[in-house]
Amino acid sequence: MRDTLSSISHADVATAYARWAPIYDLVFTANMRPGRRAGATAINALAKDREISLLDVGVGTGLELPMFSPQVKITGIDLSEPMLAVARKRVQREGLNNVIALQTMDAMALEFPDAHFDAVIAPYVLTVVPDAHRTLDEMARVVKPGGEIVLVNHIGAEKGLMAALEAWLGRRAAALGWRPEFPWAIIGDWLAKRSDIALVERRKLAPFNLFTLIRLVRH
Ligand SMILES: C[S@@+](CC[C@H](N)C(=O)[O-])C[C@H]1O[C@@H](n2cnc3c(N)ncnc32)[C@H](O)[C@@H]1O
């Protein structure tokens, strides 16, 4: 499946998140915390006995940053400078010394060499980027062999009332800044093309099973 269900462009993302930035933490802290926590727990497990380098793709205002253990050395990237400005203040306020860099960058064209990070995380991002397959390809490129890619996402309903509601909301994707109807097939079809990537976990999360934790390993 191609990932062109509802169109969302870089310009849409920039406009939407410049608008969201001042109120993002107010609206999206509590309801999306279980997903961020589950993602951070998966990453922290990799850093139990050693330091690891982590790329946080679409770090936004950095709500997940305090959840990583000090052994996790984080580089965060985001397309939206207003979102990153909030993240920078958080890093300073909370003394998060394990955050190495926060950079403006496009997830679909990462400016890092191949096999550069021990792990990559992208909480609530894949439904936001214009091309999820290109973003996944980039994440797979920069993670080292043996490294993990951890995704947290809303996976759209396949049928029923929820699917209808998501399709309706999908028509407003550009204004919202995300695509509510994102089906599993987008990830499934990408996985089918990538013999070097294995799905190791797919688990529904609170609240109300709205979000899914997805763990991938690059061979
Ligand atoms: C829903 S927010 C998630 C932020 C954060 N990870 C969290 O859990 O709150 C999605 C973020 O992805 C960013 N984003 C969207 N498209 C992007 C792209 N092509 N490259 C980098 N960041 C992008 C947005 O600017 C926004 O900050």
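Just so it is clear, the model here is predicted, and its values are computed rather than measured.
When all heavy atoms of V143 and R218 are compared, the pair lying nearest together is O-NH1, 2.6 Å. Of all the heavy atoms in D131 and T135, the pair that sits closest is O-OG1, 2.9 Å. Across every non-hydrogen atom of P183 and I155, the tightest pair is C-CG2, 4.1 Å. Here the shortest heavy-atom pairing between M83 and Y17 reads CE-CD2, 3.6 Å. Minimum heavy-atom separation, A119 to I52: CB-CD1, 4.4 Å. Looking at every heavy atom in both residues, G62 comes nearest to A87 through N-CB, 3.8 Å.
Two residues are said to be in side-chain contact when any heavy atoms from C-beta on lie closer than 4.5 Å; R19 and P82 fail this criterion. Annotation: side chain of L55 is not in contact with side chain of I121 (no heavy-atom distance under 4.5 Å). In this structure, the side chains of T61 and R90 come closer than 4.5 Å at one or more pairs of heavy atoms. Residues V57 and I77 meet the side-chain proximity criterion, which asks for heavy atoms closer than 4.5 Å.
Tracing side-chain contacts under 4.5 Å through hydrophobic residues (I, L, V, M, F, W, Y), one reaches L199 starting from I149; they form part of the same cluster. Using a 4.5 Å cut-off between side-chain heavy atoms of Ile, Leu, Val, Met, Phe, Trp and Tyr, with links allowed through other members, I186 and W184 fall into the same hydrophobic cluster. A continuous path of Ile, Leu, Val, Met, Phe, Trp and Tyr side chains, each step under 4.5 Å between heavy atoms, connects V120 with L191, placing both in one hydrophobic cluster. One hydrophobic cluster, built from ILVMFWY side chains closer than 4.5 Å, holds both L205 and L210. Both V91 and Y24 are members of a single hydrophobic cluster when ILVMFWY side chains are connected at heavy-atom separations under 4.5 Å.
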Side chains of residues 106-118: which donor-acceptor partners sit under 3.5 Å, not counting sequence neighbours?
| unit_1 | atom_1 | unit_2 | atom_2 | d |
| --- | --- | --- | --- | --- |
| D106 | OD1 | H10 | NE2 | 3.3 |
| D106 | OD1 | M108 | N | 2.9 |
| D106 | OD2 | H10 | NE2 | 3.2 |
| D114 | OD1 | R141 | NH1 | 2.9 |
| D118 | OD1 | K144 | NZ | 3.1 |
| D118 | OD2 | S53 | N | 2.8 |
| D118 | OD2 | S53 | OG | 3.2 |

Contacts under 3.5 angstrom, residues 94-104 side chains, donor-acceptor by atom type, not counting sequence neighbours:
| unit_1 | atom_1 | unit_2 | atom_2 | d |
| --- | --- | --- | --- | --- |
| N98 | ND2 | S69 | O | 3.2 |
| N98 | ND2 | V72 | O | 3.0 |
| T104 | OG1 | E81 | OE1 | 2.5 |

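Note that the CE atom of M139 and the CZ atom of R134 stand 13.0 Å from one another [nearest 0.5 Å]. Atom-to-atom distance recorded for W20:CH2 and T15:OG1 is 14.0 Å, nearest 0.5 angstrom. Interatomic distance, NE2 of H154 versus CZ of F182, reported as 10.5 Å (0.5 Å rounding). One distance of note links NZ of K193 with CG of L136; it measures 9.5 Å at 0.5 Å rounding. Atoms CE and CZ, on M67 and R33 in that order, are 6.0 Å from each other to the nearest 0.5 Å. Taking NZ of K204 as the start and CG of L213 as the end, the distance is 12.0 Å to the nearest 0.5 Å.
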| request: For the pair N153 and T212, evaluate side-chain hydrogen bond (donor to acceptor under 3.5 Å, both in side chains) and give the outcome as yes or no after the intermediate values. | output: CA-CA 5 Å; N153 248 96; T212 301; over 6 Å; no
| task | Could you walk me through whether E148 and L46 pass the side-chain contact (heavy atoms from CB on, under 4.5 Å) test, one step at a time? | result | CA-CA 9 Å; E148 272 199 27; L46 304 173; 3.7 Å; yes
| message | Run the side-chain contact (heavy atoms from CB on, under 4.5 Å) test on D56 and E64 for me, step by step, so that the C-alpha distance in whole Å, both residues' side-chain angles and the decisive distance to 0.1 Å come before the verdict. | response | CA-CA 9 Å; D56 188 330; E64 61 266 33; 2.9 Å; yes
| task | Could you walk me through whether V200 and L216 pass the side-chain contact (heavy atoms from CB on, under 4.5 Å) test, one step at a time? | result | CA-CA 6 Å; V200 291; L216 310 171; over 6 Å; no
| said: Let's go through I187 and I214 carefully: what are the C-alpha distance in whole Å and the side-chain angles of both, what is the deciding distance for side-chain contact (heavy atoms from CB on, under 4.5 Å) to 0.1 Å, and is it a yes or a no? | reply: CA-CA 10 Å; I187 297 176; I214 300 148; 3.7 Å; yes
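Here the two rings, on Y124 and F28, have centers that are 6.0 Å apart or farther.
Around the NZ atom of K48, the shell of radius 6.0 Å holds no more than 12 heavy atoms that belong to other residues, nucleotides or ligands. When the shell of 6.0 Å around CZ of R37 is examined, it contains 12 or fewer heavy atoms from other residues, nucleotides or ligands. No more than 12 heavy atoms of other residues, nucleotides or ligands sit less than 6.0 Å from atom NZ of K89.
Between the R36 side chain and the T29 main chain, a donor and an acceptor come within less than 3.5 Å of each other.
A donor and an acceptor atom, one from each side chain of T41 and N44, are nowhere located under 3.5 Å apart.
The salt bridge (charged side-chain N to carboxylate O under 4.0 Å, His left out) search around D196 returns R194, not counting sequence neighbours.
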